[in-house]
Protein chains: 2
Amino acid sequence: MCSNTFYFCSYTYKFNLQRYAILAANEESMRSYTIKDIAKLADVSAGTVDRVIHKRGKVSDKALQKVNAVLAQIDYEPNIIAKSLKNQKVWVIAVLIPDIETDEYWMQVYDGVREFEKEYKGFGFKVAVDSFSSLDAASFIKASAAVLKLQPDALLLAPLFLHESITFANELAETGTPVITINNEIEEVHPLTFIGQNLIESGRTAGSLIHRCSRNLQDIFVIHISEDPVNASHMTTKSQGIKDYFKDKDVLIHDLKINAYHQNYLDQVKSISNVPDTTSFFITTSKAHQVAVEIKEWSPGAVIVGYDLIPENVALLKTGDIDFLINQNPSKMSFEGLMRFTDKFLFSKELAPHYYLPIDIINAENVRSYLSS
Amino acid sequence: MCSNTFYFCSYTYKFNLQRYAILAANEESMRSYTIKDIAKLADVSAGTVDRVIHKRGKVSDKALQKVNAVLAQIDYEPNIIAKSLKNQKVWVIAVLIPDIETDEYWMQVYDGVREFEKEYKGFGFKVAVDSFSSLDAASFIKASAAVLKLQPDALLLAPLFLHESITFANELAETGTPVITINNEIEEVHPLTFIGQNLIESGRTAGSLIHRCSRNLQDIFVIHISEDPVNASHMTTKSQGIKDYFKDKDVLIHDLKINAYHQNYLDQVKSISNVPDTTSFFITTSKAHQVAVEIKEWSPGAVIVGYDLIPENVALLKTGDIDFLINQNPSKMSFEGLMRFTDKFLFSKELAPHYYLPIDIINAENVRSYLSS
DNA sequence: TAGCAAAATGTGTTCGAACACATTTTATTT
DNA sequence: AAATAAAATGTGTTCGAACACATTTTGCTA
């Protein structure tokens with residue numbers, strides 16, 4: 001029936017006489033080995049095979065060898081479907097991220113959480129989301145206490161507040177709760193793994209875009225528009241990246257911290273309004289839309305690079321007020337973070353120390369291709 | 001146990017007294033409704049509920065109404081896990097793509113196929129891959145005959161050869177075999193859906209990069225390096241895209257078709273070697289590495305934009321000989337294509353006419369972030 | 001109203017893994 | 001060799017959906 005010009009990918013299909021003997025009758029011969037198959041091949045009962053596989057003892061040397069001999073020959077992988085159906089184990093995963101109601105960026109992170117839950121609910125994953133204000137460390141402490149009270153099986157954490165996150169991580173370590181961090185890579189939290197961009201590379205990428213697209217580039221302003229400049233580790237790392245990129249080049253780089261919620265934040269921007277047209281701008285947060293139009297009025301030749309595909313930024317990308325946006329893949333960040341828990345709990349896989357996400361370069365021409373998917 | 005500061009995402013958790021009555025005893029109350037739950041609520045047997053859900057008739061009006069009343073109130077979604085375990089239906093999906101042994105780009109496509117099979121094997125999806133030479137329409141015809149003989153449940157097709165693909169599509173339509181196309185969007189094939197880049201947008205993106213990064217741009221050469229320029233629909237569409245981008249701008253665009261397997265293909269490139277430094281280059285295939293170094297020798301200020309993250313191109317991106325690559329996401333293309341079959345077969349979802357993939361802009365700084373994932 | 005077919009409804013089995021529990025085999029002691 | 005404990009092995013049930021098959025109920029006719 002099957003033309004032999006076809007590659008059947010599945011590696012369990014290495015030809016094997018014993019397997020053939022058992023499954024030959026079935027033309028479709030698609031099934032994997034089951035515990036019963038192995039039991040028949042080893043001439044023992046399913047229970048014995050099960051005990052060997054799970055190392056639960058109570059097996060004689062003779063039976064152990066018979067089963068191991070079979071296992072060595074075939075490529076047994078337990079059927080996750082059946083496993084999940086039987087187990088009915090519920091893994092409660094807490095997710096702690098900022099401001100899902102007000103901040104568009106974190107809403108996109110939340111989208112990834114929802115997508116995950118929809119897809120993996122059937123496998124026993126329950127997600128409990130709590131949020132805190134990125135303006136207010138106290139709200140983070142309160143929320144983290146709630147997480148400790150919930151006693152989840154695991155936690156996906158956006159460690160925005162440096163010190164508070166480290167304290168929290170220590171408390172979680174005591175209860176043995178595994179943590180995966182997203183967005184901010186903080187070593188002292190010692191997560192199972194980190195999911196997010198390599199922010200040095202991200203800053204370097206911004207630098208390369210400014211470098212290639214600016215005419216007569218002399219100065220770059222790195223603008224940190226944020227609520228809380230104290231805990232802004234991810235902004236300073238981006239700044240480090242762009243400085244790294246330009247370190248052998250004849251360009252001056254200036255850092256400027258602006259509090260986005262001050263009434264007069266535009267005044268702070270205006271203080272640099274007398275800059276010449278040989279200056280470009282790198283805004284390290286998703287707030288580029290708050291200053292891009294003004295900057296382009298003062299220096300039309302400036303290149304402006306910002307972060308994140310939030311609607312306000314996308315609109316200014318299309319009008320040409322923002323030249324490039326770097327997409328941090330917020331929904332992928334949370335989704336992949338949660339996926340690592342399935343790797344751990346469902347497949348007992350080892351996790352890499354970090355999974356760096358792609359640094360997507362977005363301009364007016366390719367932005368649509370990122371919004372639809 | 002659960003702090004009410006948490007959002008439980010799952011929409012089946014809307015509070016519901018009847019559900020509560022059944023599941024209250026279970027503190028974890030995570031389970032979804034089962035057919036037995038519904039049977040109990042509607043005061044009928046599981047078999048009757050099953051007949052109502054699957055519209056298999058043999059149900060009295062009274063019972064139908066009782067069950068429907070319950071179904072209207074709760075949010076029943078069958079457990080895919082149990083469904084998959086029971087069904088044991090095997091879906092054989094044929095995959096027909098070019099040259100998986102020799103062409104790096106198509107090998108990456110094949111990676112996506114392998115990843116899919118690994119992940120969805122448990123759900124009954126079996127993948128049979130056949131390949132053809134992109135140089136040789138006859139090999140495509142031969143391979144397509146093999147697919148027809150295999151009689152798969154579905155086909156993932158890269159329709160490189162225009163006419164042959166249309167003929168093939170008609171034959172498949174007769175046997176009722178659903179087709180999803182990737183890479184080349186050919187309307188006449190009438191696939192269930194198409195997965196790949198919107199090539200007009202892709203060409204426009206290349207244009208925008210050249211436009212922003214070139215000094216004193218006057219001419220652009222669009223170079224089609226390929227084996228078979230006759231069936232090169234995807235190249236001409238990219239060319240159309242870049243022309244579209246520059247249509248109101250004062251730039252001349254020249255098309256140049258080169259046969260990559262001719263001994264003297266470099267001579268063809270040399271015929272344009274007297275171009276001034278005000279010229280940039282857009283290579284519409286993955287063969288940018290075959291000409292980039294030469295071009296940069298002749299005109300160091302040229303901007304070169306190519307396609308695909310194959311090792312040869314990546315190396316030249318790092319040396320600066322290629323300025324930008326556009327990543328077509330080959331592995332995602334095949335994976336997502338096959339995923340649409342799971343949507344169809346497992347979840348009976350409706351498919352959109354096309355799923356356009358992101359147009360990734362890659363340069364020397366962000367390329368690493370794409371290679372590791 | 002008995003008789004009987006047709007319609008409606010309920011029950012039991014299957015898928016593969018996991019584990020409790022029952023049964024058999026082996027080893028040890030009297 | 002019989003008694004008994006201990007170890008080894010096998011069997012049966014569960015998870016939820018699906019469907020074959022068994023059983024019950026209904027409607028109709030003689």
Side-chain angles (χ1 to χ4, degrees), chain A residues 12 22-23 26 28-68 71 74 76-90 121-124 345-348, chain B residues 12 22-23 26 28-68 71 74 76-90 121-124 345-348:
Chain A
T12 59
I22 284 193
L23 295 179
N26 179 6
E28 290 281 5
S29 72
M30 157 73 177
R31 291 174 41 234
S32 295
Y33 288 97
T34 71
I35 287 198
K36 277 186 187 171
D37 287 338
I38 297 169
K40 211 170 281 179
L41 287 170
D43 194 33
V44 294
S45 75
T48 302
V49 175
D50 180 70
R51 276 183 290 268
V52 171
I53 287 169
H54 294 91
K55 292 174 184 150
R56 286 207 248 97
K58 302 193 173 178
V59 174
S60 68
D61 279 352
K62 207 200 296 174
L64 185 74
Q65 277 168 22
K66 284 199 288 185
V67 174
N68 277 335
L71 286 175
I74 64 168
Y76 175 69
E77 275 203 36
N79 183 324
I80 343 155
I81 308 289
K83 203 170 181 168
S84 301
L85 182 61
K86 181 61 184 61
N87 259 343
Q88 297 293 103
K89 162 98 182 93
V90 175
K121 195 191 163 200
F123 288 91
F345 292 130
L346 242 41
F347 303 100
S348 330
Chain B
T12 60
I22 284 192
L23 295 178
N26 179 7
E28 290 281 5
S29 70
M30 157 74 178
R31 289 172 43 233
S32 294
Y33 288 96
T34 70
I35 287 201
K36 277 187 187 170
D37 288 339
I38 297 169
K40 211 170 283 182
L41 287 169
D43 194 34
V44 294
S45 76
T48 301
V49 175
D50 180 70
R51 277 183 289 268
V52 171
I53 287 170
H54 293 92
K55 292 175 185 150
R56 286 207 249 96
K58 301 193 175 180
V59 174
S60 68
D61 279 353
K62 207 201 294 174
L64 185 75
Q65 276 168 21
K66 283 200 286 184
V67 173
N68 277 335
L71 286 175
I74 65 169
Y76 175 69
E77 275 204 36
N79 184 325
I80 340 155
I81 307 290
K83 201 170 181 166
S84 301
L85 182 62
K86 181 59 184 60
N87 260 342
Q88 297 294 104
K89 162 95 183 97
V90 174
K121 196 192 160 199
F123 289 91
F345 292 130
L346 241 43
F347 305 99
S348 331

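The NZ atom of A:Lys66 sits 14 Å away from the P atom of D:dA8 (whole-angstrom rounding). Summarising the geometry, the separation between CD1 on A:Ile74 and P on C:dG16 is reported as 14 Å, rounded to the nearest angstrom. When rounded to the nearest whole Å, the span between CD1 of A:Ile80 and P of C:dA18 equals 12 Å. Rounded to a whole Å, the CD1 atom of A:Ile35 is 14 Å from the C1' atom of D:dG10. Whole-Å rounding puts the A:Lys40 NZ to C:dG16 C1' distance at 13 Å. Between A:Asp43 atom CG and D:dG10 atom P there is a gap of 8 Å when expressed in whole angstrom units. When rounded to the nearest whole Å, the span between CG of B:Asn79 and P of D:dC15 equals 12 Å. Rounded to whole Å, the distance from NZ on B:Lys36 to P on C:dG12 is 11 Å.
Residues A:Arg51 and A:Lys58 share a closest heavy-atom pair of NE-O, 3.7 Å. Smallest separation of non-hydrogen atoms from B:Ala39 and B:Ala46: CB-N, 3.7 Å.
In this model, the phosphate group of D:dT9 is approached by a side-chain N or O of A:Ser60 to a distance below 4.0 Å at OP1 or OP2. Contact annotation: A:Thr48 side-chain N/O to D:dA8 OP1/OP2 distance is not under 4.0 Å. Proximity of B:Tyr76 to the phosphate of D:dA17: a side-chain N or O atom is located under 4.0 Å from OP1 or OP2. One finds a side-chain N or O of B:Ser45 lying less than 4.0 angstrom from the OP1 or OP2 phosphate oxygen of C:dG10.
The residue A:Asp50 sits close to a base: some heavy atom pair falls under 4.0 Å. Counting any heavy atom pair closer than 4.0 Å across all strands shown, B:Leu85 reaches a base atom. At the heavy-atom level, B:Lys83 lies under 4.0 Å from the strands shown only through sugar-phosphate atoms.
Contact annotation: the side chain of A:His54 approaches that of A:Asp50 to within less than 4.5 Å [non-hydrogen atoms, C-beta and beyond]. Between B:Tyr76 and B:Thr34 there is no side-chain heavy-atom pair separated by less than 4.5 Å.
Mapping B:Lys86 and B:Lys58 onto DNA chain C by nearest heavy atom places B:Lys58 at the nucleotide closer to the 5' end. Between B:Ala63 and A:Arg51, the one whose closest nucleotide on DNA chain C sits nearer the 5' end is B:Ala63. Between B:Ile81 and B:Lys62, the one whose closest nucleotide on DNA chain D sits nearer the 5' end is B:Ile81. Where A:Asp61 and A:Gly47 meet DNA chain D, the nucleotide closest to each residue was compared, and A:Asp61 sits on the side nearer the 5' end.
Of the candidates B:Asp43, B:Val52, B:Val59, B:Leu41, B:Val67 forms a side-chain contact (heavy atoms from CB on, under 4.5 Å) with just one, namely B:Val52.
Of the candidate nucleotides D:dC15, D:dA18, C:dA8, D:dA18 has the atom lying nearest to any side-chain atom of B:His54.
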